[in-house]
Amino acid sequence: MQFMERRGRRPVFSLRAIRGAVQIDRDSQGQIADATVEMIRALIARNGLKIDDLISFFFTVTPDLTSEIPTLAAAEAGWAHVPMLCAAEMESTQMIPRTVRVLVHVHWRNRHRNPSHAYLSGTTSKRPEPSQVVGQPVGMGSLQSPGTDRS
């Protein structure tokens, strides 16, 4: 989605999604809240975002985090005007434990560079290699990518 200037019909900004993740040491209200705020601040700073650039936050938490809801922490930190949603991730052998993730939708004004994602302590943008996965999640054995043969 792009918004256009009236005269030149050039894009002023486009809709972009920026990812962030942070791993928590232990399931506590304070640690989840602090890490959530740190992650959002890092995304805003790395990307030079302004408050008006923020469209929405979509948080996920791993099933082992139950002491705090990231949306509450973000709202209390000053982003209550931004629409937010939070969901629990499904349990998987590939998940990084005690992790809060966010997908931030923004008005992207910088046409000359791509957004910078923020993977903080203990997280990565990549999934583990198949050789690092201990087992397969229940019920996932029959799923394949199109055109792959696992025999």
Side-chain angles (χ1 to χ4, degrees), residues 1-3 11-145 148 150:
M1 170 194 284
Q2 292 185 343
F3 295 88
V12 175
F13 54 83
S14 59
L15 174 65
R16 299 300 283 274
I18 307 173
R19 297 182 309 269
V22 62
Q23 188 176 40
I24 313 299
D25 290 332
R26 63 184 171 77
D27 182 19
S28 78
Q29 185 177 12
Q31 283 198 13
I32 294 169
D34 291 346
T36 298
V37 171
E38 176 190 8
M39 178 176 54
I40 294 170
R41 286 184 177 150
L43 285 168
I44 289 171
R46 288 179 187 192
N47 291 287
L49 298 172
K50 298 179 176 133
I51 201 78
D52 292 340
D53 295 330
L54 303 173
I55 297 172
S56 67
F57 297 155
F58 179 57
F59 293 97
T60 63
V61 293
T62 51
D64 50 4
L65 293 178
T66 60
S67 298
E68 176 66 294
I69 302 169
T71 53
L72 294 177
E76 290 172 359
W79 296 292
H81 68 286
V82 179
M84 294 182 238
L85 182 66
C86 187
E89 294 182 16
M90 63 179 222
E91 192 158 346
S92 166
T93 58
Q94 296 182 17
M95 74 178 198
I96 300 170
R98 301 174 321 280
T99 300
V100 176
R101 291 183 177 81
V102 68
L103 183 66
V104 180
H105 295 97
V106 300
H107 294 294
W108 188 251
R109 299 174 193 278
N110 191 336
R111 293 179 288 164
H112 302 292
R113 73 178 181 95
N114 287 323
S116 176
H117 306 288
Y119 296 98
L120 306 181
S121 62
T123 63
T124 177
S125 64
K126 298 180 180 177
R127 292 187 179 267
E129 294 296 322
S131 62
Q132 297 172 324
V133 177
V134 176
Q136 223 175 6
V138 176
M140 297 299 286
S142 63
L143 293 180
Q144 295 184 35
S145 297
T148 60
R150 294 190 179 177

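From a predicted model like this one, the values you see are computed outputs, not experimental measurements.
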Tell me which donor-acceptor pairs under 3.5 Å the side chains of residues 74-83 have, and how far apart each pair is, sequence neighbours excluded?
none

Nearest-0.5 Å distance that lies between atom [atom1] in [X] and atom [atom2] in [Y]:
X	Y	atom1	atom2	value
Phe57	Cys86	CZ	SG	12.5 Å
Leu65	Gln23	CG	CD	9.0 Å
Met84	Phe59	CE	CZ	6.5 Å
Ile24	Glu68	CD1	CD	10.5 Å
Ile32	Leu72	CD1	CG	11.0 Å

Taking all non-hydrogen atoms of both residues, which atom of [X] and which atom of [Y] are closest, and how far apart?
X	Y	result
Glu91	Met95	CA-SD, 4.2 Å
Pro115	Ile18	CB-CG1, 3.6 Å
Val37	Ala73	CG2-O, 4.0 Å

Extract all donor-acceptor atom pairs below 3.5 Å that involve side chains of residues 38-50 and protein atoms in other chains or at least two apart in sequence.
from  : atom 1 : to     : atom 2 : distance (Å)
Arg46 : NH1    : His117 : O      : 3.0
Asn47 : OD1    : Ser116 : N      : 2.6
Asn47 : ND2    : Leu43  : O      : 2.9
Asn47 : ND2    : Ser116 : O      : 2.8

(request) Kindly determine whether Val100 and Val61 satisfy side chain to side chain contact (heavy atoms under 4.5 Å, CB included), including the steps that lead there. (result) CA-CA 5 Å; Val100 176; Val61 293; 4.0 Å; yes
Applying side-chain hydrogen bond (donor to acceptor under 3.5 Å, both in side chains), name anything that partners [X], two or more places apart in sequence or on another chain.
X	value
Ser121	none
Thr60	Glu89
Thr123	none

(request) For residues Val106 and Leu54, determine if any side-chain heavy atom of one lies less than 4.5 Å from a side-chain heavy atom of the other. (result)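 A side-chain contact under 4.5 Å exists here.
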(message) Do Pro97 and Thr62 make a side-chain contact, defined as non-hydrogen atoms from C-beta onward lying under 4.5 Å apart?
(response)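 Side-chain contact under 4.5 Å: no.
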(request) Pick out which of Arg109, His107, His105 makes a side-chain hydrogen bond (donor to acceptor under 3.5 Å, both in side chains) with Asp53. (result)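 Filter result, single survivor: Arg109.
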(message) Taking salt bridge (charged side-chain N to carboxylate O under 4.0 Å, His left out) as the cut-off, I'd like each qualifying pair that reaches into residues 16-36, sequence neighbours left out, listed once.
(response)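 Counting only pairs at least two positions apart or across chains, no salt bridge (charged side-chain N to carboxylate O under 4.0 Å, His left out) contact touches residues 16-36.
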